[in-house]
Amino acid sequence: MARYNPASAEPKWQQRWDEEKCFEARSDGDRPKYYVLEMFPYPSGKIHIGHVRNYAMGDVIARFKRAQGFDVLHPMGWDAFGLPAENAARDNGGHPREWTYGNIDVMRGQLKRMGLAIDWSREFATCDPEYYVHQQKLFLEFLKKGFVERRESLVNWDPVEMTVLANEQVVDGKGWRSGAPIEKKSMSTWFFKITERADDLLAALDDGRLEGWPAHVKEMQRNWIGKSEGLKMAFPLSGNDLPTDKLEIYTTRPDTLYGASFLGVAPDHPLAKHYAESDPAVAAFISECAAQGTSEAEIEKAEKKGVPLPVTGRHPFTGEELPVYACNFILMQYGTGAIFACPAHDQRDLDFARKYGLPVKPVIAPTPGHENDLKATADPSCPTDDGRTEAYTGPGTMIHSGFLDGMTTEEALAAAIAKIEEMGWGEGTTNYRLRDWGLSRQRYWGCPMPIILCDDCGTVPVPDDQLPVSLPEIDPEEFKAPGNPLDRDCAKAWREVSCPKCGKDARRDTDTMDTFVDSSWYFARFASQPDDKPVDKEEADRWLPVQQYIGGIEHAILHLLYARYFTRMMKECGYTDVDEPFTNLFTQGMVTHATYRDEAGNWLFPEEVEIRGGEAFARDSGAPVTIGPIEKMSKSKKNVVNPMAMADAYGADAVRFFMLSDSPPERDVEWTEAGAEGAWRFANRVYETVERGEGVLKRAGAPGTDLPDDLMEIRRRTHKTIDGVTGDIEHFRFNKAIARLYEFLGALKGISPEGEAAPVMVEALRALTQLTAPFMPHLAEECWELLGGEGLCADAPWPKADESLLADDVITLPVQVNGKRRGEIKVAPDAPQDEVQKIALAQDDVARFLEGKTVRKVIVVPGRIVNVVAG
RNA sequence: GCGGGCGUGAUGGAAUUGGUAGACAUAGCGGACUUAAAAUCCGUAGCCUUCUGGCGUGGGGGUUCGAGUCCCCCCGCCCGCACCA
């Protein structure tokens with residue numbers, strides 16, 4: 001009996017699939033389409049086990065849908081622009097292009113080694129000029145339509161990477177990759193006006209268009225867009241040396257206007273900056289705030305502080321002159337960078353007012369039932385300042401509020417906005433946290449902006465016939481210097497051009513695009529890749545939207561939001577009818593691994609460690625090793641495993657299989673050698689089981705229903721397994737599908753495919769092979785061949801469960817007495833209730849517990865349970 | 001602080017709509033095969049027990065014939081957002 005040998009079987013079948021162009025997407029037939037896509041990888045150099053899990057999931061879906069008769073599109077490509085290539089060129093010499101394409105070659109080979117059902121004919125890298133030329137065209141079309149514009153603005157400058165970052169790439173005031181403190185710098189750069197689409201991007205999260213997305217991803221996007229409705233209004237200012245006669249503020253609580261006791265501006269607000277010039281106290285405060293950390297912990301601790309400005313603002317309703325403070329808790333980036341403060345009903349305002357002895361004017365009497373929210377308050381209607389230190393922010397009735405008196409807070413909100421609008425002092429507005437998407441990056445290795453900057457004509461699009469604007473060749477030595485080589489002499493010939501409009505000397509925009517632009521439409525290009533335009537609409541719309549998108553949660557906001565935005569813009573340019581690119585989204589969990597440290601505290605790779613009886617030892621020295629917590633795999637902690645080494649040891653099938661067994665796919669999974677060994681054992685057991693039925697597909701016919709009980713049971717098991725696995729795959733319950741395969745395999749143990757059993761086993765082994773195929777495709781082909789199946793297993797239609805075999809003819813019902821399980825009975829599934837009751841009560845184990853008791857009630861849930869209530 | 005999710009054996013996790021808790025796997029234990037080991041196979045497996053049963057899904061209470069599942073309170077963990085006016 002030959003053992004299954006993945007080392008020879010896996011390359012063999014990969015070659016067959018290739019030769020037969022098995023997985024090339026067909027778009028000619030009238031079969032339904034299915035587009036499944038995993039987020040394409042950055043070509044970092046080699047695939048990691050997380051990639052394997054990600055792509056294995058997509059592969060299961062792709063193979064499953066294909067077998068179900070869909071035309072499947074399952075492509076692969078490379079998110080190939082970006083800083084690491086430049087860093088590699090800087091550190092190791094060479095050119096970013098060589099590094100990138102070299103990595104792609106390696107990783108392509110590794111992915112192929114995993115036997116993925118991918119249509120490689122559509123592969124591209126975003127750094128291919130054949131790809132980015134269309135991105136440049138899209139950019140210019142967007143420019144024409146006004147979706148993108150060039151603006152002078154304060155940008156987030158990463159001094160380490162020497163480039164601009166989007167707000168989203170600044171975390172706690174630091175660059176998301178470099179970790180360097182971000183500086184503000186004024187620059188002229190390009191922006192996609194994504195805020196114009198904020199409303200629709202938000203609406204789609206709730207109107208059913210994204211029903212197939214996880215709730216938490218939608219919630220994250222909702223938070224990110226951060227829509228709030230309120231009022232923008234201007235307070236007339238009085239005072240000496242006024243730089244402006246009005247102060248524009250933003251509030252979501254205009255209902256509390258009568259409770260206003262002061263106005264506040266951000267430390268970097270123009271008004272504060274103006275007075276800083278003449279007042280050292282203001283200047284000192286501003287620099288103090290600038291020095292203040294922006295990390296969460298520091299914000300938490302930071303005391304509310306401020307400095308008065310020599311101005312007052314007139315209250316719209318009372319005419320009262322309110323003092324104006326520069327406050328450390330006001331953000332210039334949000335709203336207008338200025339507020340009116342109502343200490344009684346806002347905690348921050350109250351903290352500030354208590355510190356500086358400013359008036360606290362309650363204007364809301366809490367709604368009965370909400371008084372409990374009001375701590376430290378004697379009188380719940382709080383007619384006057386009662387010295388409290390906690391603001392009441394709940395609902396209520398307006399008091400001390402002139403024309404608003406007696407209204408609910410909700411009514412007052414609308415009434416106050418209407419009044420301010422009527423007075424011409426301001427208007428109700430919607431505010432977003434979302435900023436426009438700045439896409440200029442001061443880097444070399446990205447898609448060049450197809451723009452020429454002319455002193456006379458401004459920004460001039462590169463004419464269509466001159467596209468693409470390709471990256472110029474740069475001497476690799478140039479990457480050793482910091483900054484963008486495109487700005488230096490080495491790119492002079494490329495940079496200096498004549499203006500297409502006026503012909504005078506001009507220069508190219510030396511910025512390249514944010515790599516999130518590259519990944520905002522690659523899925524469309526996979527669907528259709530004509531030479532002369534980004535996509536062919538008809539072809540793109542045949543495939544789009546992506547029915548199943550799979551990737552990491554780390555892209556929940558940026559990539560997914562940008563792709564949604566981009567798709568809308570492409571729609572407006574007539575490239576597709578789709579506005580939401582991804583119908584169903586699945587975010588898979590990470591792969592984790594235990595960490596190991598030697599006695600000196602140094603991290604060890606798993607392969608350097610030997611586990612004996614739960615204790616770990618260094619493989620070379622035998623010294624004891626501490627087993628640390630199970631954590632996300634990271635290079636720094638060395639708790640990584642090499643998928644290629646694992647595939648060599650256990651076969652690609654086993655690696656894929658293990659990554660999908662045990663844990664639900666959305667959760668983290670721990671890589672263990674034992675788990676991989678388990679998968680390997682499974683593969684061998686399947687092979688051995690199938691081997692017993694060698695060639696049987698060619699001999700035996702279809703099984704009948706006139707069979708002995710044990711064989712009928714096998715038939716039922718077969719069809720139940722088909723039914724179960726099918727549903728499990730459809731719902732991404734890969735771990736359960738695999739558990740069912742184990743059970744099924746166990747049930748087939750020791751049954752020989754002879755005589756009467758032959759057709760039954762044919763059916764069972766065929767199902768076992770086909771149901772295993774999406775998870776262990778190479779093994780399945782090997783088994784298919786062994787069984788004598790026609791053609792490739794990958795081409796065989798997915799098995800269908802026979803409904804009539806899903807139900808048992810005798811079922812076991814548990815019987816409870818007073819809710820405790822006391823016995824069980826065997827009955828026909830359609831046995832009448834009174835009969836079931838009779839059998840249950842007569843059952844020995846049940847009767848024992850009924851002695852001396854009166855049966856008061858018997859509950860029979862058909863097919864489920866019998867419960868006898870007795871007392 | 002706000003929002004979302006979760007808590008089940010030694011471990012990862014199953015459990016349809018409120019109906020046999022712990023499927024399946026991993027580790028463990030016992031056995032077979034072997035000179036031996038590995039591999040493989042078979043068996044065993046929530047806890048306690050006077051062997052009759054009792055107790056068990058983070059803790060407490062409730063609804064119900066019946067609760068891991070529903071409701072209330074509490075504890076713990078994870079994720080997202082956050083001086084956002």
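These values consider heavy atoms only, across backbone and side chains, with no hydrogens, waters or symmetry-generated copies. Just so we're on the same page: letters track the sequence lines, and every chain starts at 1.
- At the heavy-atom level, A/Val869 lies under 4.0 Å from the strands shown only through sugar-phosphate atoms.
- Between the side chains of A/Glu688 and A/Asn684, not a single donor N or O lies within less than 3.5 Å of an accepting N or O.
- For the P atom pair drawn from B/A25 and B/A45, the interatomic distance equals 14 Å after rounding to whole Å.
- For A/Glu743, the listed nucleotide lying nearest its side chain is B/C24; candidates were B/C65, B/A85, B/C24.
- Ring geometry for A/His315 against A/Phe235 counts as perpendicular: the plane angle is over 60°, on a 0 to 90° scale with 30° as the lower cut.
- Within 4.0 Å of A/Tyr250, counting heavy atoms only, lies at least one base atom of the nucleic acid.
- Residue contacts shown for A/Arg856 are absent, as no nucleic acid heavy atom lies under 4.0 Å away.
- Within the nucleic acid shown, A/Leu741 has no heavy atom closer than 4.0 Å to any nucleic acid atom.
- Syn is the classification of B/G9, since its glycosidic angle stays within 90° of 0.
- Among the protein residues, A/Asp351 comes within range of no part of the nucleic acid, since none of its heavy atoms lies under 4.0 Å from any strand.
- Within 4.0 Å (heavy atoms only), A/Thr812 reaches at least one base atom of the nucleic acid.
- Across all strands, A/Arg733 comes closer than 4.0 Å to no nucleic acid atom at all (heavy-atom distances).
- Across the interface with RNA chain B, nearest-nucleotide mapping of A/His216 and A/Asn431 shows A/His216 to be the residue nearer the 5′ end.
- For B/U34, there is no paired nucleotide, since no Watson-Crick or G-U wobble pair has both relevant distances below 3.5 Å.
- Looking at heavy-atom distances under 4.0 Å, A/Gln816 makes contact with a base.
- A 3.5 Å limit on both hydrogen-bonding distances identifies no Watson-Crick or G-U partner for B/U17.
- Nucleic acid contact class of A/Gly678 (heavy atoms, under 4.0 Å, all strands): sugar-phosphate only.
- Spacing of P atoms, B/C29 relative to B/C78, comes out at 33 Å, to the nearest Å.
- Rounded to whole Å, the distance from CD1 on A/Ile825 to P on B/G19 is 18 Å.
- In the set B/C24, B/U26, B/G12, B/G12 carries the atom at the smallest distance from any side-chain atom of A/Asp662.
- Residue A/Ser661 is out of contact with every strand shown, counting any heavy-atom pair closer than 4.0 Å.
- For A/Lys736 and B/C24, a side-chain-to-base donor-acceptor distance below 3.5 Å is absent, hydrogens and geometry of angles not being considered.
- Between the side chain of A/Asn867 and the base of B/C65 there is at least one donor-acceptor pair of N/O atoms closer than 3.5 Å.
- Looking only at side-chain heavy atoms (C-beta outward), A/Thr587 and A/His216 come within less than 4.5 Å of each other.
- The side chain of A/Ile557 sits closest to B/C81 out of B/C81, B/G4, B/C83.
- The residue from A/Trp671, A/Phe682, A/Tyr650 that alone fulfils the ring-ring contact (aromatic ring centres under 6.0 Å, His included) condition with A/Phe658 is A/Trp671.
- Residue contacts shown for A/Ala215 are absent, as no nucleic acid heavy atom lies under 4.0 Å away.
- Counting non-hydrogen atoms under 4.0 angstrom, A/Lys749 reaches the backbone sugars and phosphates but no base.
- Comparing B/G68 with B/U8, their C1' atoms are spaced 7 Å from each other, to the whole Å.
- A/Ile865 has its CD1 atom 9 Å from the P atom of B/G19, to the nearest Å.
- Using a 4.0 Å heavy-atom distance criterion, A/Arg253 is classed as a sugar-phosphate-only contact.
- As judged by a 4.0 angstrom heavy-atom cut-off over every strand, A/Phe849 is placed among residues touching the sugar-phosphate backbone only.
- With rounding to the nearest 0.5 Å, the separation of CG in A/Leu413 from CZ in A/Arg253 is 7.5 Å.
- Under the Watson-Crick or G-U wobble criterion, with both distances below 3.5 Å, B/U26 is paired with B/A10.
- A distance of about 30 Å separates the C1' atoms of B/A23 and B/U63, rounded to the whole Å.
- Under the Watson-Crick or G-U wobble criterion, with both distances below 3.5 Å, B/G46 is paired with B/C55.
- The same atom, P, is picked in B/C6 and in B/U17; the two are 15 Å apart, to the nearest Å.
- Annotation: B/U44 and B/A10 have their C1' atoms spaced 15 Å apart (nearest Å).
- Side-chain contact between A/Ile738 and A/Phe657 is present, with at least one heavy-atom pair separated by less than 4.5 Å.
- Side-chain contact check for A/Arg354 versus A/Val360: some heavy-atom pair is nearer than 4.5 Å.
- Only the P atoms considered, B/C51 is 32 Å distant from B/G58, to the nearest whole Å.
- Across the protein-nucleic acid pair, A/Leu331 atom CG and B/C83 atom C1' stand 6 Å apart, rounded to whole Å.
- Distances shown here put a side-chain N or O of A/Arg822 below 4.0 Å from the OP1 or OP2 atom of B/G54.
- Nucleotides B/G1 and B/G56 have their C1' atoms positioned 38 Å apart, rounded to a whole Å.
- Atom-to-atom, CH2 of A/Trp680 to C1' of B/A38 comes out at 14 Å; the value is rounded to the nearest Å.
- Across all strands shown, B/C81 pairs with B/G1; the Watson-Crick or G-U wobble distances both stay below 3.5 Å.
- A/Phe775 has its side chain within reach of A/Leu741: a pair of non-hydrogen atoms, C-beta onward, lies under 4.5 Å apart.
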